[in-house]
Amino acid sequence: MDSFFVDLHIHIGRDWNGKPVKITGSKTLTLSNIFEEATNRKGLDMVGVIDAQAPAVQEEMMDLIERGQAEELKEGGIRYQNTVLLLGSEIEVYDAACSGPIHVLCYFPTVNRMQEFTAWLSQKMKNVNLSSQRFYGTARELQQYVKEHEGIFIPAHVFTPFKSLYGKGVKETLREVLDPDKIDAIELGLSADTDMADQIGELEPYTYVTNSDAHSLGKLAREYQRMALKALNFQELRMALHNQQGRKVLTNYGMSPAMGKYHQTVCAKCLSPAKVNASQCDACGSKKIVKGVKDRIEELKSSTQQKERPPYIYQVPLSSLPGVGTRTYEKLIDAFGTEMAVIHEAAREELTAVIPDQVAERIMAMRKGTLTIQAGGGGRYGRIQ
């Protein structure tokens, strides 16, 4: 069994015709650029592109395969150099059972399966060419389709205040909206970690995944996981999500929840901290209060039992570390090859041969998960002190 770095939530900003897919995504966030960034700079072994339902993305994928630059694997996934790409789609569901919209991730093993999904979605969605579009059907109906067509179903960033399972979708339990037996894993999102999620008893059966939700190339691998797999492909991933035959998540790497931009309850207008049930902001009087993930989980808390989970190591993207500007970042990549090599493998003595001692110490602290964080909230990320 080998270990691999995996990030399963990456958007497409523009297709190969230059047209937007994820409107808020960077123009440089194209399929080809994702392959190059993941393989040659980030050092990711497996990535999930979650806008693959767009026909133009599928066309570019098929073009790469036909020209011999990529290979579709028998066990599912697309290999490009040292990285395997999984075809996924982020869908917005807001059916009669939902208290608010939720986002879910649907993955399929082959281009053909994803093309079939696109054809099906086109009858239940206004524009399959764009990311995260509203699905006009029920969440359970979507789950059923995914399961009948060899797919993987993961609720996305489940605690964020907007468009998530616990943030908006349900009042108390995921059973209000979803079939619990048709969930393959739970994506935590940037404002929660394992310990926070484990306070909700109904999540005990599920593997937690930590993904970047990248809207630009630099954000790839801001959260990711190390997995034990025998090979890089779709079927191995499925086994890991269900802890089968030694395949599993070994470590979750992600930002401290305090770094998440929705961690604490704040006033949406002035961003001052606010009480969870306050009618208005004490600082400015605004009535727009954004309930933070920390307080929402406290409302839902139902368990004090801690299941044995993989360690959750607090990290930030290498380029976000104080002292790692553009020149320093390039020095590190030139010296060690990829971000994963810098963060996980380079010895302190090797680092100090390239960068100042103080910056090397910060990288070592990040490796250990001991960075000091100032909390974020209300749409503003936390900061490293």
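Fair warning: this is a prediction, and the values are worked out from it, not measured in the lab.
- Residue pairs that meet the side chain to side chain donor-acceptor pair (under 3.5 Å) test with at least one member in residues 228-238, sequence neighbours left out, are Gln235-Arg238, Glu236-Arg247.
- In this structure, CG in Leu31 is found 11.0 Å from CD in Gln58, a value given to the nearest 0.5 Å.
- Between the side chain of Ser191 and the main chain of Thr160, no donor-acceptor pair closer than 3.5 Å is present.
- Side chains of Ser26 and Thr28: a donor-acceptor N/O pair is present below 3.5 angstrom, by distance only.
- The shortest side-chain heavy-atom distance between Thr173 and Val170 does not fall under the 4.5 Å cut-off.
- Residues meeting the salt bridge (Lys or Arg N to Asp or Glu O under 4.0 Å) test with Glu90, sequence neighbours left out: none.
- Note on ring orientation: taking the six-membered ring where Trp is involved, the planes of Tyr312 and Tyr314 are perpendicular (angle over 60°, cut-offs 30° and 60°).
- Side-chain polar atoms of Thr39 and Thr83 form a donor-acceptor pair below 3.5 angstrom.
- With sequence neighbours left out, Asp184 forms a salt bridge (Lys or Arg N to Asp or Glu O under 4.0 Å) with Lys147.
- Aromatic ring orientation, Phe159 versus Tyr166: parallel (interplanar angle below 30°, classes split at 30° and 60°).
- The pair Glu204-Arg309 fails the salt-bridge criterion, with no side-chain N (NZ, NE, NH1 or NH2) lying under 4.0 Å from an Asp/Glu carboxylate O.
- Salt bridge status for Lys171 with Glu176: absent, with no side-chain N to carboxylate O gap under 4.0 Å.
- Donor-acceptor pairing under 3.5 Å is recorded for the side chains of Asn211 and Glu187.
- Side-chain contact between Phe234 and Leu86 is present, with at least one heavy-atom pair separated by less than 4.5 Å.
- Val316 places a side-chain heavy atom less than 4.5 Å from the side chain of Met366.
- Remark: Arg362 pairs with no residue by the side chain to side chain donor-acceptor pair (under 3.5 Å) rule, at least two apart or across chains.
- For the residue pair Ser32/Glu60, the side-chain donor-acceptor check at 3.5 Å is satisfied.
- For residues 68-81, the set of pairs meeting the side chain to side chain donor-acceptor pair (under 3.5 Å) definition, not counting sequence neighbours, comprises Glu36-Tyr80.
- In this view, Gln315 and Tyr224 satisfy the side chain to side chain donor-acceptor pair (under 3.5 Å) rule, not counting sequence neighbours.
- Between Glu330 and Arg327 no salt bridge is recorded (no basic side-chain N to carboxylate O distance below 4.0 Å).
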